[in-house]
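A short write-up of the structure that comes next.
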Amino acid sequence: MAGFERRMDVNLAELNRVANAMVAPGRGVLAADESAGTIKKRFEAIGVECTEENRRDYRELLFRSKGMSNISGVILFDETIRQAAKDGTPLVKIVEGAGTLPGIKVDKGTKPLPFCPGEVVTEGLDGLGERLAEYRGLGAKFAKWRAVIDIGAGIPSYACVNANAHALARYAALCQDEDIVPIVEPEVLMDGDHDIDRCAEVTEFVLKTVYEQLYYARVKLEGTVLKPNMVVSGKKSGKQAPVQEVAEKTLRVLKECVPAAVPGIAFLSGGQSDLDATARLDAMNRMGPLPWKLSFSYSRALQAAPQKAWAGKAENVAAAQAAFAHRAHMNSLASRGEWKPELEKAAA
Ligand code: 13P
């Protein structure tokens with residue numbers, strides 16, 4: 001049966017080249033892989049009907065923005081990787097034409113984890129090798145799998161962290177076997193009323209477990225990109241840690257856990273404000289030298305502004321493209337440690 005005989009060797013030089021390109025200086029990833037349910041929620045918030053055409057028009061707008069010059073890769077959803085723009089050009093070709101790598105979300109979302117109340121595990125491993133081979137044919141150079149870990153009273157459990165880390169490692173190995181770079185995304189959620197030190201403790205536990213499982217699965221770290229949360233105070237905590245503390249505590253945990261063989265770390269934004277996501281990334285890059293590149297793989301922190309500017313109206317497309325280009329530029333500067341708050345006001 002096709003796909004049964006797994007190779008021991010991988011094209012590590014090519015995987016490493018792609019992973020490095022994803023975190024090239026001044027560039028980061030646009031996560032545009034919102035699932036059908038998530039994009040519906042985003043569109044509802046701006047009063048836009050969630051039709052296939054509107055989803056296409058919105059994503060086409062982003063991919064044709066000049067902001068793409070700061071975007072190394074775009075994570076696409078299954079629908080988008082198969083979609084064509086209004087003029088018939090495949091959206092993948094528009095992404096490639098901007099000098100950006102197409103990528104694909106391959107996990108199938110979360111399900112409750114039995115006997116672990118309040119915890120979930122990400123599914124999607126069945127048939128994944130075959131799906132990856134198809135996505136590679138459609139142009140995908142990298143993939144994404146998101147594991148979700150919540151913090152609360154008595155959670156996360158070892159069962160939850162281990163099950164999610166194991167699935168991430170199985171996914172990453174299958175990706176590399178298909179010459180696709182895996183983005184390894186273990187997200188510790190920032191919902192909750194915990195303080196920043198609790199977030200640090202859980203993030204460390206999660207990352208240690210993930211790298212242990214990647215090792216057991218024989219994943220080649222040089223051909224991966226890590227997409228973690230930053231270490232922050234819970235959203236409902238009464239005390240929000242300042243930028244400098246977030247940067248210091250995040251770097252301390254990452255240095256404890258992430259081997260230097262990993263080419264780059266591209267943070268998720270996770271519900272931080274646009275400005276926090278930029279300022280905190282910038283602060284970390286000012287604390288170098290670091291063993292890996294530190295960049296972004298934001299969805300909300302890159303797209304909230306253009307979505308608001310667009311509001312589903314053709315006459316707002318240019319304004320939405322400008323809003324996206326501005327955030328991409330600010331985060332590009334932050335990935336070099338060259339962002340300044342004054343630059344935000346200049347554009348406002
Ligand atoms: P946010 O930046 O909105 O957290 O999304 C990143 C992402 O791709 C989550 O999987």
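Side chains are part of it too, since the values below use all heavy atoms of this structure and drop only hydrogens, waters and symmetry mates. When a ligand or atom number is given, it counts from 1 through the structure's own listing order.
- Only one option out of K105, R42, R59 pairs with E34 in a salt bridge (Lys or Arg N to Asp or Glu O under 4.0 Å); it is R59.
- Near R300, with a cut-off below 4.0 Å to any heavy atom, the atoms of ligand 1 are 1 (P), 2 (O), 3 (O), 4 (O).
- Residues L343 and H329 form no side-chain contact, since every pair of their non-hydrogen atoms from C-beta on lies 4.5 Å or further apart.
- Proximity of R146 to ligand 1, defined as any heavy-atom pair under 4.0 Å, is confined to the side chain (atoms from C-beta onward).
- At most 12 heavy atoms of other shown residues, nucleotides or ligands fall within 6.0 angstrom of atom NZ in K40.
- Residue Y298 approaches ligand 1 through these ligand atoms, each under 4.0 Å from one of its heavy atoms: 2 (O).
- With respect to D87 and R64, a salt bridge is recorded, a charged nitrogen being found less than 4.0 Å from a carboxylate O.
- Of the polar atoms of K227, at least one N or O is found under 3.5 Å from an N or O of ligand 1, judged by distance alone.
- Under the 4.0 angstrom criterion for non-hydrogen atoms, Q303 is not in contact with ligand 1.
- When each atom of ligand 1 is checked for a heavy atom of S297 under 4.0 Å away, the hits are 6 (C).
- Close approach of ligand 1 to G270 is summarised as follows: ligand atoms under 4.0 Å from at least one heavy atom of the residue are 1 (P), 2 (O), 4 (O).
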**OP:** Begin from the C-alpha positions of T38 and S35 and carry the test side chain to side chain donor-acceptor pair (under 3.5 Å) through to its verdict.
**Re:** CA-CA 5 Å; T38 302; S35 62; 3.1 Å; yes
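- Considering only non-hydrogen protein atoms, atom 9 (C) of ligand 1 sits nearest to E185 OE2, 3.2 Å.
- Atom numbering of ligand 1 starts at 1 in the shown order; those under 4.0 Å from a heavy atom of A31 are 8 (O).
- Between Y158 and F205, the ring-plane angle classifies as parallel under the 30° and 60° cut-offs.
- Listed by number with element, the atoms of ligand 1 under 4.0 angstrom from any heavy atom of K144 are 7 (C), 8 (O), 9 (C), 10 (O).
- Between D191 and K236, none of the side-chain N atoms (NZ, or NE/NH1/NH2) sits under 4.0 Å from a carboxylate O, so this pair counts as no salt bridge.
- For atom 5 (O) of ligand 1, the nearest protein heavy atom (residue, atom name, distance) is S299 CB, 3.2 Å.
- Taking a cutoff of 4.0 Å between a charged side-chain nitrogen and a carboxylate oxygen, R252 and E248 do not qualify as a salt bridge.
- The N/O atoms of S269, backbone and side chain alike, include one that comes under 3.5 Å of an N/O atom in ligand 1.
- By the criterion of a heavy-atom distance under 4.0 Å, neither the backbone nor the side chain of A301 is placed next to ligand 1.
- Annotation for K235: atom NZ counts as buried by contact number, over 12 foreign heavy atoms lying within 6.0 Å.
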